[in-house]
Asks: 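Structure in structure tokens, see below.
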Amino acid sequence: DAGVTQSPTHLIKTRGQQVTLRCSPKSGHDTVSWYQQALGQGPQFIFQYYEEEERQRGNFPDRFSGHQFPNYSSELNVNALLLGDSALYLCASSFQGQGIFNQPQHFGDGTRLSIL
Amino acid sequence: GNSVTQMEGPVTLSEEAFLTINCTYTATGYPSLFWYVQYPGEGLQLLLKATKADDKGSNKGFEATYRKETTSFHLEKGSVQVSDSAVYFCALSSGGNNRLAFGKGNQVVVIP
């Protein structure tokens with residue numbers, strides 16, 4: 001049973017560029033959340049997708065956007081990259097169907113994004 | 001809003017020593033509490049959880065008890081191994097939204 005998979009593993013971009021990160025949730029999961037983890041810090045919540053809609057959003061600018069597909073996979077897009085966007089981006093999935101909340105989230109290994 | 005506070009600084013200890021990592025929280029409603037572990041170059045793995053007051057989560061020799069009166073969820077292990085070296089994060093979610101708030105994490109280094 002595959003867990004949460006993310007691609008690519010590493011990515012190097014320059015300031016002003018745009019990037020797309022991808023996530024496939026664990027089998028049976030329907031909800032995908034994205035987190036940004038700066039070096040030496042805890043993950044910060046970016047947003048969450050359920051039923052192909054953004055359901056919640058953390059304190060991140062509109063440069064950060066996302067999408068969820070009918071197969072529950074998800075993308076995170078970041079426009080106009082800044083040096084401060086350098087971080088590990090983590091995807092987490094969980095099952096929220098039937099109103100089951102506060103379920104443990106399963107994390108992928110992340111995408112390491114470096115901005116030059 | 002929701003927040004989690006972990007004790008400052010890395011933790012270095014010898015093999016078979018007792019480990020405690022403190023975690024306190026502020027939350028609306030009745031949060032669920034979690035400990036996650038992150039090994040070098042990897043994502044986060046759920047270590048244990050507790051969903052209501054006085055619940056004790058346990059896994060792989062680690063334990064943590066949900067203390068509502070002190071708003072704490074301290075992580076303990078009686079005898080650590082070198083393989084326990086990792087970064088440990090305390091986290092919570094509340095309000096039925098599955099949105100995790102994390103502490104800053106504690107680096108644990110176990111010396112043989």
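All values derive from a computational prediction rather than experimental measurement. Letters A, B, ... mirror the listed sequences (proteins, then strands); counts begin at 1.
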Asks: Does A/Phe45, at its CZ atom, have more than 12 non-hydrogen atoms belonging to other residues, nucleotides or ligands within less than 6.0 Å?
Replies: yes

Asks: Restricting to non-hydrogen atoms, name the atom on A/Leu90 and the atom on B/Gly43 that form the minimum distance, rounded to 0.1 Å.
Replies: CD2-CA, 4.1 Å

Asks: Against chain B, label A/Gln37 side chain, backbone, both or neither, depending on which of its atoms sit under 4.5 Å from a heavy atom there.
Replies: side chain

Asks: Are there residues of residues 6-16 of chain A whose heavy atoms fall under 4.5 Å of chain B's heavy atoms? If so, which?
Replies: none

Asks: Taking C-beta and beyond as the side chain, do A/Pro43 and B/Phe89 meet within less than 4.5 Å on heavy atoms?
Replies: yes

Asks: Does B/Glu8 CD have over 12 foreign heavy atoms under 6.0 Å away?
Replies: no

Asks: For B/Gln107, which atoms come within 4.5 Å of any heavy atom of chain A: side chain, backbone, both, or neither?
Replies: neither

Asks: Find out if a path of hydrophobic residues (ILVMFWY) with successive side-chain heavy-atom gaps under 4.5 Å connects B/Leu92 to B/Phe62.
Replies: yes

Asks: Check whether B/Met7 and B/Trp35 end up in the same hydrophobic cluster, where Ile, Leu, Val, Met, Phe, Trp and Tyr are linked by side-chain heavy atoms less than 4.5 Å apart.
Replies: yes

Asks: Do A/Tyr35 and B/Leu44 come within less than 4.5 Å of each other through their side chains, counting heavy atoms only?
Replies: no

Asks: Are B/Val37 and B/Leu48 connected in the hydrophobic side-chain network, where two residues link if heavy atoms are under 4.5 Å apart?
Replies: yes

Asks: Within residues 107-116 of chain A, which residues come under 4.5 Å of chain B, heavy atom to heavy atom?
Replies: A/Phe107, A/Gly108, A/Asp109

Asks: Could you pull out all residues at least two apart from A/Asn77 that satisfy side-chain hydrogen bond (donor to acceptor under 3.5 Å, both in side chains)?
Replies: A/Thr20

Asks: Are B/Leu47 and B/Tyr39 linked, directly or through intermediate hydrophobic residues, by side-chain heavy-atom contacts shorter than 4.5 Å (ILVMFWY only)?
Replies: yes

Asks: Kindly check if the number of other-residue, nucleotide or ligand heavy atoms within 6.0 Å of CG (A/Asn71) is above 12?
Replies: yes

Asks: Run the side-chain hydrogen bond (donor to acceptor under 3.5 Å, both in side chains) test against B/Gln6 and tell me which residues pass, sequence neighbours left out.
Replies: B/Asn106

Asks: Measure B/Leu46 against the heavy atoms of chain A and call it side chain, backbone, both or neither at under 4.5 Å.
Replies: side chain

Asks: Is there a continuous path of hydrophobic side-chain contacts, each under 4.5 Å between heavy atoms, that joins B/Phe73 to B/Leu19?
Replies: yes

Asks: Just wondering, are more than 12 heavy atoms of other shown residues or ligands nearer than 6.0 Å to CD in A/Gln18?
Replies: yes

Asks: Given that the side chain runs from C-beta out, which part of A/Gln105 has a heavy atom under 4.5 Å from chain B: side chain, backbone, both or neither?
Replies: both

